[in-house]
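Remarks on the structure that follows.
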Amino acid sequence: MSGGKTSMDHRRREGTLFDVPRPGRTGVRLPPLDVPTADPGALFGAAHRPEVAGEVEASEVDVVRHFTRLSLLNFAIDTALYPLGSCTMKHNPRINEEIARLPGFAEVHPYTAEHLVQGALELLWLLEERLKVLTGFARVTLQPSAGANGELAGTLMVRAAHIARGNARRHVLVPDSAHGTNPASAHFAGYSVVELASSARGTLDLAELEAKLTDEVAALMITVPNTIGVFEENILKIAEMVHAKGAYLYLDGANFNAFVGKVRPADMGVDVMHMNLHKTFSTPHGGGGPGAEIGRAHV
Ligand SMILES: Cc1ncc(COP(=O)(O)O)c(C=O)c1O
């Protein structure tokens, strides 16, 4: 791809602004000053760094072009696709970036007085209500600020539900195809992670599940379609097996976009799930992107 080639060429060529001395060049020309010369050591004390020899001598265009060339080294969806697991399966149209940048949303401060952000709050509430319809769940929260954050909230909910029944249990089952955040979240929630080897087709192996599904399993975390893009055709059977052991079925809903509007996760037997809004709802992807946590009333 020509975009990638251009970036690589810059990577090879671009040094730092200090590399090519351009004596006398400057971005500004101040008029002669009639103030006495000051001693920087006396002025700045410990903050003065005499070991830094001089400053970059560069014109304004030198500086602007240097940083523009550096910016081309960023890997961006504008030059290529993200070959990052399930991130490859979605597209965030440019219009969504524009909408997220509207001053009424982008510049809202977390401590803005409630009466000044009623529009934004209404939008959040409406989104929660719509997500309830699409998933079939009783409650939704938009508090988690990323998918991984939603996973942690969800696994802590699972833990709380088990504790309320008298036993937190010890393990969470995670297929070997899962996104790395799944075992990390289960671990953070205080569980030991038991890996499930996938079948030759890349789906969950029911015999492997049967063997590892003990009374100490708190939940099975499953991704549908999974990170290699395969649907779990046995999802109803899997839910039945998990529930029969008193465990919960957790859905990593990062790839909900693949079946949203066709099947409701609650009808698949899922008890709790998170969604990455930067995937299914194509909000801008950056810094994690907003997440959402959803559960049945009894969790
Ligand atoms: C399947 C899956 N689960 C979880 C995550 C974690 O989500 P986030 O990056 O929003 O924390 C991702 C990441 O993009 C993912 O692809």
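Numbering of residues begins at 1 and proceeds along the displayed sequence. The shown structure was predicted, so the numbers you read here are calculated from the model rather than taken from an experiment. Ligands are counted one by one from 1 in listed order, and the atoms in each one are counted from 1 as well.
- Taking any N or O of Gly147, backbone or side chain, at least one lies under 3.5 Å from an N or O belonging to ligand 1.
- Thr227 and Thr223 share no side-chain donor-acceptor pair at under 3.5 Å.
- Tyr191 does not carry Arg170 over the face of its six-membered ring by the limits of under 6.0 Å from the centre and within 45° of the normal.
- By the criterion of a heavy-atom distance under 4.0 Å, both the backbone and the side chain of Ala148 are placed next to ligand 1.
- Atom numbering of ligand 1 starts at 1 in the shown order; those under 4.0 Å from a heavy atom of Ala254 are 1 (C), 2 (C), 3 (N), 15 (C).
- Set against the non-hydrogen atoms of Ala146, the atoms of ligand 1 under 4.0 Å away are 10 (O), 11 (O).
- His274 and Asn149 form no side-chain donor-acceptor contact under 3.5 Å, judged by distance and modelled atom types alone.
- Heavy-atom contacts of Glu151 reach the following atoms of ligand 1: 3 (N), 4 (C) (cutoff under 4.0 Å).
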Is there a side-chain contact (heavy atoms from CB on, under 4.5 Å) between Phe67 and Val63 once you walk through the steps?
-> CA-CA 6 Å; Phe67 284 105; Val63 175; 3.7 Å; yes

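- Checking only distances, His274 never comes within under 3.5 Å of ligand 1, N or O to N or O.
- Side-chain contact annotation: Glu151 with Thr181, donor-acceptor N/O pair under 3.5 Å present.
- On a distance-only criterion, Asp252 and ligand 1 share at least one N/O pair closer than 3.5 Å.
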Working for salt bridge (Lys or Arg N to Asp or Glu O under 4.0 Å), residues Glu14 and Arg69 | CA-CA 8 Å; Glu14 197 63 25; Arg69 284 193 297 268; 2.4 Å; yes

